[in-house]
Structures are given as C-alpha cells and as structure tokens.
Amino acid sequence: MKSVITGTGIGIPRNVVKNDALTELMDTTDEWIRTRSGVEQRCYADPGQGSAELGAIAAANALGVAERTTSDIEAIIFATMTPNYFFPGNGPVLQAKMGFGEIPTYDIRQQCSGFLYGLDLADSLLKSGKYRRILLVGAEVHTPFMPWQNGWDATIGLSDRRVTAEEYAANTAIRDRTVLFGDGAGAAVVEAVEDGERGYLGAKLFTDGSNIEALYVPGVGFRHRPYVTARQIEESLSIPKMEGRSVFKEAVLRMPMAVRAVCAAASVDVDDIDVLLIHQANLRIVEAVARQLGFAPEKVPHNIERYGNTTAGTLPILFHECVGDGRIRPGMLVCFTALGSGLHWGASLYRA
Ligand code: UT7
C-alpha cells in the first residue's frame with residue numbers, strides 16, 4: 001500500500017501587496033527586500049479571513065481535483081501556527097465549516113515544517129489501516145502578527161491614512177520579519193492506494209528545541225499569568241522574534257543533511273531527485289541548499305517572489321503549482337524539505 005496525493009488545491013487571499021507599499025509604513029526598500037529575501041509581493045487576508053477560511057478554500061479545490069466529496073474523507077490533519085482560535089485548533093473549525101462528517105481531526109503545529117510533518121503523519125495513519133482517505137491542510141494568516149493600527153490597513157485599501165512618525169518607528173523595529181511573510185493555504189487529499197509506483201516513500205524528521213528563542217513568540221503563552229496582558233502587547237511580546245542570521249545558517253546546514261539522510265534511507269541517489277521543493281523562507285536559502293546538493297536551478301522551483309513565506313502553506317502551494325504547470329509530472333521523484341521554528345526540520349520523498 002502507498003499513500004498517494006490524489007488532489008491538491010490552494011487558497012490565496014485577494015490582496016496583493018507589493019514591496020513598494022511597505023515602504024510607506026517603515027524604513028525599508030524594494031531593493032533590500034528583493035536582494036535579501038527574494039520576496040517581491042505577498043498576499044494579505046481580508047480582516048475576518050483566518051487560516052481556517054483560507055484552508056477551506058484550498059481544501060475545497062483539493063477535493064474537486066481528487067474527485068472526492070467531504071463524505072469520502074475519514075480524517076483531517078490541519079497544520080498551522082496561526083489558528084483562528086487559541087483553542088480549539090482549526091480541525092474542528094474546518095470540519096464544521098465544510099460539512100464533513102464527525103470525523104477525527106488532528107491539529108499539528110510544526111510551523112514551517114507543518115506540511116512535511118503532516119504528510120508523514122497522514123502516511124502513518126493510512127499505513128496503519130485506520131483510514132483510507134485523509135485531508136491534509138497547511139495554512140497561515142500571518143497578518144495579525146503585524147500591528148494593523150500602524151497603517152497596515154492602508155496596504156489593502158482599507159484606509160488612506162499615513163502612519164505617524166511613532167508608528168513608522170514601531171514598524172521599522174520589526175521590519176526584518178514583517179516584510180518576509182504572507183498569508184496563504186495549500187491542501188492535499190492523501191489516499192491509501194494498493195497498487196502502482198506512485199506514492200510516499202518516507203521521511204527523515206528532526207527536532208532540536210535547545211534554542212527555541214531563535215524563532216518564537218515570547219509572550220502570549222501559558223507560562224504567563226494571565227497568559228495575555230496589555231503590557232505584553234505594548235512590549236511587542238505578541239510578535240514573533242527571530243534571530244535571522246542564526247536561523248539562516250541552520251536552514252542552509254540542516255536541509256541538505258536531511259535530504260541526504262532521506263535518500264540514504266530510501267536507497268536512492270540524491271541525483272535521482274527530479275524536483276526539490278524547499279520551504280520558501282528566503283530565496284538565498286533555497287539557492288544555497290540547491291547549490292550544496294549540486295542541483296541545477298530548474299530542478300528547484302520557487303514562488304517566494306509572489307507569496308513570501310507562508311509557513312505551513314508554502315510546500316503544498318508550491319507542489320500544487322508545479323503539478324499544475326507540468327514541472328512535476330507522473331513518475332518524477334519529488335523531495336520536500338523544510339526548516340523552521342522549533343527547530344523542526346526534515347525531508348521526505350514522494351513519487352508523483
Ligand atoms: O520560515 C522560518 C524560518 N525563517 C528563516 O529561514 C529566515 C532566515 N533568515 C533570513 O532569511 C535573513 O536572515 C533575513 C532576511 C531575516 C535578514 O537578512 P540578513 O541578510 O541576515 O540581514 P541582517 O539581519 O543581517 O540585517 C542586515 C541589515 C541590518 O542593518 P545594519 O545593522 O547592517 O545597519 C538590518 O537592520 O539590514 C537591516 N534590515 C532591513 N533594512 C531594510 C533588516 N530588515 C530590513 C528591512 N529593510 N526590511
């Protein structure tokens with residue numbers, strides 16, 4: 001038995017925000033953002049549109065491609081670090097919103113590695129015989145991390161207010177993160193298929209929590225009593241903190257190691273990989289990982305220029321686009337790799 005992705009879909013919000021729009025809000029330039037990260041634009045969700053709503057759009061599209069209905073799905077796995085509610089997770093939100101039966105839903109939070117972990121979990125659940133068809137969703141809405149009162153509403157045409165000098169300074173203080181991220185979702189229907197070459201070949205997944213502070217949200221958590229206070233928000237402790245250079249180095253070091261490890265475990269040569277899908281956090285990271293593994297650029301697609309980093313959304317969105325435009329064709333060996341907050345990272349292999 002193999003776990004086969006029988007349909008994929010994406011949910012991208014309608015508000016396209018170019019780099020130039022951000023220069024109105026903070027001390028940044030299109031040139032800095034492009035050359036340091038590769039991002040040219042990103043899409044921002046409408047107010048009231050959460051990751052469950054984007055996930056539902058992606059899931060509906062994936063079900064359509066797989067020619068399945070909600071009643072065919074036996075379990076849902078939802079990967080996000082930006083759920084609609086602190087609790088419950090997005091699984092039950094999606095279940096009710098889309099009218100699934102009273103099926104089990106699993107909420108997982110491995111941030112940028114969410115889809116990687118989710119696909120491995122789906123494969124294990126299918127292989128156990130527990131379910132035959134699983135819906136896997138990776139979705140994020142990062143914009144609530146950004147302080148909308150500081151003029152972000154102008155970027156999506158909801159206001160024509162110019163930021164004050166104080167707001168400009170506050171936005172500039174977090175510019176290294178805000179310019180990188182966008183909102184978006186991807187979904188996949190994963191099914192147990194008895195015959196054929198297609199399907200999931202396995203993963204090597206890793207966690208190292210010894211330096212959580214490299215990328216985390218310091219406030220708004222249950223170590224604090226109460227878990228959220230006005231002071232935490234005033235001090236921006238509700239906004240992710242990131243040691244950009246250190247995460248960059250970890251990504252460039254660990255993703256190639258994970259790719260080599262999963263190839264060794266599956267007894268395939270790294271050169272046998274036809275398409276390498278790398279988490280879209282920074283184009284320079286993508287290029288460095290590809291270089292280390294000796295991959296030509298055409299084997300390593302990217303879309304960070306259009307979406308920025310959509311965390312758990314990036315790998316399924318990229319996979320969906322590559323299947324759609326023929327860069328991934330039946331029989332090709334696809335490798336997924338990601339690294340992000342946790343740190344969680346890894347790589348997996350999939351025969352399309
Ligand atoms: O998906 C989750 C995992 N995350 C990642 O993988 C992200 C990994 N890290 C990165 O992608 C990069 O480290 C960044 C894109 C975040 C930053 O790029 P960098 O080349 O490492 O820049 P830096 O942090 O060393 O900053 C260089 C300069 C600084 O100014 P000074 O101190 O040299 O005067 C920053 O203040 O760039 C400045 N800077 C900016 N300037 C204009 C930082 N952000 C901005 C900005 N616009 N948005």
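Atoms within each ligand, like the ligands themselves, are counted from 1 in listed order.
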Q: May I ask whether V179 places a heavy atom under 4.0 Å from ligand 1?
A: yes

Q) How far is atom 29 (C) of ligand 1 from its nearest protein heavy atom, and which residue and atom name does that atom have? A) R175 NH2, 4.9 Å

Q) Can R177 be said to touch ligand 1, with heavy atoms closer than 4.0 Å? A) no

Q | Geometric class of the F319/F336 ring pair [parallel <30°, tilted 30-60°, perpendicular >60°] | A | tilted

Q) What's the verdict on side-chain contact (heavy atoms from CB on, under 4.5 Å) for C43 and N15, showing C-alpha distance, side-chain angles and the deciding distance? A) CA-CA 5 Å; C43 300; N15 306 297; 5.9 Å; no

Q. Is the shortest N/O to N/O distance between S341 and ligand 1 below 3.5 Å?
A. no

**Q.** Over 12 non-hydrogen atoms of neighbours within 6.0 angstrom of CZ in F86
**A.** yes

Q.
For H279 and S113, which I'm curious about, is there any donor-acceptor pair between the side chains at under 3.5 Å?
A. no

Q: Could you tell me whether ligand 1 has any atom less than 4.0 Å away from a heavy atom of Q111?
A: no

Q.
I'd like to check whether N309 has a polar contact with ligand 1, where a contact means an N/O of the residue lying under 3.5 Å from an N/O of the ligand.
A. yes

Q) H344 vs Y117 aromatic rings, parallel, tilted or perpendicular, using cut-offs 30° and 60°? A) perpendicular

Q: Just need the protein heavy atom nearest to atom 2 (C) of ligand 1, so name the residue and atom and give the distance.
A: C112 SG, 3.2 Å

Q | Side-chain touch S37/L283, heavy atoms, less than 4.5 angstrom | A | no

Q: Determine, considering heavy atoms only, which of T172, N282, L22 sits nearest to atom 12 (C) of ligand 1.
A: N282

Q: Using non-hydrogen atoms of the residue, decide whether M26 is closer than 4.0 angstrom to ligand 1.
A: no

**Q.** Contacts of type ring-ring contact (aromatic ring centres under 6.0 Å, His included), residue H320, not counting sequence neighbours
**A.** none

Q | Heteroatom proximity flag, G244 to ligand 1, N/O under 3.5 Å | A | yes

Q) Has S37 got any heavy atom lying under 4.0 angstrom from an atom of ligand 1? A) no

